[in-house]
2 protein chains.
Amino acid sequence: MTLLSRIQHTSQKLTAADRKVIEVLLGQQAEAVFLSAAQLAERAQVHETTATRLAQKLGFSGYPELRAQLQREVMEGQDAAARMRRSVSKVADGSYLADLVQSEISALEQLARSIDQRDVDTASDMIFAARRVFIFAQGHATAVSAFLQRRLDRFAMTTVMLTGRGRDIAERLTSLGQDDLVLVLAFRKQPTDYAAIMGHAAQVGARTLLISDLAGPTMTPPAEHLLAAPRGRSGTEFQTPIVPMTIVNAILLTIAGRHEPQIVTKLEELADLFDRFA
Amino acid sequence: MTLLSRIQHTSQKLTAADRKVIEVLLGQQAEAVFLSAAQLAERAQVHETTATRLAQKLGFSGYPELRAQLQREVMEGQDAAARMRRSVSKVADGSYLADLVQSEISALEQLARSIDQRDVDTASDMIFAARRVFIFAQGHATAVSAFLQRRLDRFAMTTVMLTGRGRDIAERLTSLGQDDLVLVLAFRKQPTDYAAIMGHAAQVGARTLLISDLAGPTMTPPAEHLLAAPRGRSGTEFQTPIVPMTIVNAILLTIAGRHEPQIVTKLEELADLFDRFA
DNA sequence: AGCATCATGCAGGATATCCTGCGAGTCAAC
DNA sequence: GTTGACTCGCAGGATATCCTGCATGATGCT
């Protein structure tokens, strides 16, 4: 039973003080969900007791239950995606494709909420300004890094892949200088060589950019700039590279958009090159 | 100071248990704002104490302060999300990220309409039944194929990558037999070697599967089974691998789901299962 | 192996939050 | 004016929530 219907159902027995409380409760829902009985009462200019008794009048065992109900309602109201997800999984059970699409969509919605365009701008500028871009990725992240590298090459940027282990990376890192950028793609947990690479970058004055998921903020040492968003299905381990892939695409689009003149001509030159080979 | 920046700033001092808590905190923000220290700790599978101490490490006087900070940020974030959703129509404000997310979402919705789960089932069975899977991909499709190969390897399947040009491919194709499957990832236009590969496969009796976009139906000779969906942003030069990537993920999920003792319907349960393979 | 350092869990106390018995005040009916 | 019904606030107890000292165990270094 919804809070509103409970209120209507009990409206005859409500006092003036009760109505004051309800006014705050419904009028400031977004904040009210966090308030204790005393805080709520203070906003409504009534005594704390009134809050407790109102909750009981409305059929709850006490104030905390009332608040929990309000929390549920507010969350559902705002999470339209959740509502959709429920109905879909109910209709199309056994359809992995439909389920997957649904969860990817909500992951993308979450992405838009997690990262601001300004952060993307910063990342784009860092890449565009770099003399060379060293891309570090391991495991599943290589799928994203391969894509990124191809695109940056198209933009006529110089990229260096850091894919192997220890030694291989160290060798390729020797030339790293202060005009270069180290771009790390890492998910789930901090890669073994992460600290060493970041440490070296800091030492030679290279800039650092980390694209990650929830593990991003915990990696140490921290990168100069971080783009991180949860990769779908909070709590579960099932995660696809869709979200980081989209982050990368947003960066690429931004580079293209903000530096259109240069990029476009590079692409045209490339088209000529292709023609000559074909 | 934002919670995220505090986490980054303190990342050196964070323990494994701390990270678990942070994962829940950020991954399930919407719900975490309501949880008590004990409830949060339970979700993160750590002791309540950890929550308290994490809050102090991050510079709060205690857990309640941390939660209050999270509440503030979530509330602001929701305002921001609402603002963004409202201004989605006018993309001119330079928010490439928001625009991109929006178009990816509609591309995914289109995908769910274009491909039926039964087609995914067929593809999954073909892959699972194959002795070896030969994966052919070129250009941007390699990003997807690399991902697919990694996953199939985790399923303990035998994969062979066909990536190079002409000669390289021919050499690796010599062993192709009738128990094998040729899986082609190709977008935009038919790759140069496509016809040769498909021809050879037909000759030796190998099965063929094509994952593609709008160009798929026009490729000749046709593959035995085709999974194709438009990749959004029709007409634009910039196309992302999100849709084919999601097709591949659906296939992988289906394989995992159909060949596991227990029949699982929920994606949550599948996630665990999938993780066991991954 | 031995030691130091640190992370983690436990137990108990401190605090915040909530509930309830009691009484003062208000109002209307008689 | 008295009574009764009701609202509201207070105070104290009950409970939930949180914090901290201590012990244990893990880890790493010498």
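Naming convention: chains lettered A, B, ... in sequence-line order (proteins, then strands); numbering from 1 in each chain.
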K.L.:
Taking only side-chain nitrogens and oxygens of Gln39(B), does any of them come within less than 4.0 Å of OP1 or OP2 of dA16(D)?
P.N.:
no
K.L.:
Can you see if the side chain of Thr49(A) gets near the phosphate of dC10(D) - specifically, an N or O under 4.0 Å from OP1 or OP2?
P.N.:
no
K.L.:
Return the value, rounded to whole Å, for the distance between atom OH of Tyr63(A) and atom C1' of dT17(C).
P.N.:
11 Å
K.L.:
Given atom CD of Gln56(A) and atom C1' of dC18(C), what is their separation to the nearest angstrom?
P.N.:
10 Å
K.L.:
Take atom CG of Leu66(A) and atom P of dC18(C), then tell me their distance rounded to the nearest Å.
P.N.:
11 Å
K.L.:
Looking only at the side chain of Thr50(A) (C-beta and beyond, no hydrogens), which of the listed nucleotides dT17(D), dC18(C), dG9(D) gets closest?
P.N.:
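Of the candidates, dG9(D) comes closest.
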K.L.:
May I ask you to say what Glu48(B) touches in the nucleic acid, namely base, sugar-phosphate or nothing, with a heavy-atom cut-off under 4.0 Å?
P.N.:
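Base, at least one base heavy atom under 4.0 Å.
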K.L.:
Give a yes/no on whether any side-chain N or O of Arg67(A) is located under 4.0 angstrom from OP1 or OP2 of dT17(C).
P.N.:
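For dT17(C), OP1/OP2 do not have a side-chain N/O of Arg67(A) under 4.0 Å.
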K.L.:
Rounded to the nearest angstrom, tell me the gap between atom NZ in Lys20(A) and atom P in dT7(D).
P.N.:
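Value for this atom pair: 15 Å.
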K.L.:
Please tell me whether Arg53(B) and Gln56(B) have a donor and an acceptor in their side chains that are separated by less than 3.5 angstrom.
P.N.:
no
K.L.:
Determine: side-chain N/O of Thr15(A) to OP1/OP2 of dC8(D), distance under 4.0 Å, yes or no.
P.N.:
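Yes, because at least one side-chain N or O of Thr15(A) sits under 4.0 Å from OP1 or OP2 of dC8(D).
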K.L.:
Hey, what do you get for CD (Gln71(B)) to CD (Glu73(B)), rounding to the nearest 0.5 Å?
P.N.:
11.0 Å
K.L.:
Heavy atoms from C-beta onward define the side chain here; which of dC18(D), dC18(C), dC10(D) lies closest to that of Pro64(B)?
P.N.:
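For Pro64(B), the side-chain atoms sit closest to dC18(D).
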K.L.:
Side chain of Ala16(B), heavy atoms from C-beta onward: which of dG21(C), dT17(D), dT8(C) has the nearest atom to it?
P.N.:
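The answer is dT8(C).
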K.L.:
Any idea which of dC10(C), dT20(D), dG9(D) is nearest the Arg53(A) side chain?
P.N.:
dG9(D)
K.L.:
Starting from the C-alpha separation in whole Å, work towards a yes-or-no answer on salt bridge (charged side-chain N to carboxylate O under 4.0 Å, His left out) for Lys57(B) and Asp18(B).
P.N.:
CA-CA 10 Å; Lys57(B) 269 189 206 167; Asp18(B) 288 336; 2.4 Å; yes
K.L.:
Does Thr52(A) place a side-chain N or O at less than 4.0 Å from the phosphate oxygens OP1/OP2 of dT20(C)?
P.N.:
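Checking Thr52(A) against dT20(C): no side-chain N or O falls below 4.0 Å of OP1 or OP2.
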K.L.:
Nearest 0.5 Å, what's the CG-OG1 distance between Leu100(B) and Thr240(B)?
P.N.:
6.5 Å
K.L.:
Roughly how many Å is it from CZ in Phe60(B) to P in dC18(D), rounded to a whole number?
P.N.:
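The distance from CZ of Phe60(B) to P of dC18(D) comes to 14 Å, rounded to the nearest Å.
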K.L.:
Rounded to the nearest Å, what distance is computed from the NE2 atom of residue His47(B) to the P atom of nucleotide dC19(D)?
P.N.:
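Distance check: His47(B) NE2 to dC19(D) P gives 14 Å.
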K.L.:
Nearest-Å distance, CG (Leu35(A)) to P (dA16(C))?
P.N.:
17 Å
K.L.:
Distance check needed: dC19(C) P versus Leu54(A) CG, whole Å only.
P.N.:
12 Å
K.L.:
Compute the ring centroids of Phe34(B) and Phe34(A), then answer whether they are less than 6.0 Å apart.
P.N.:
yes
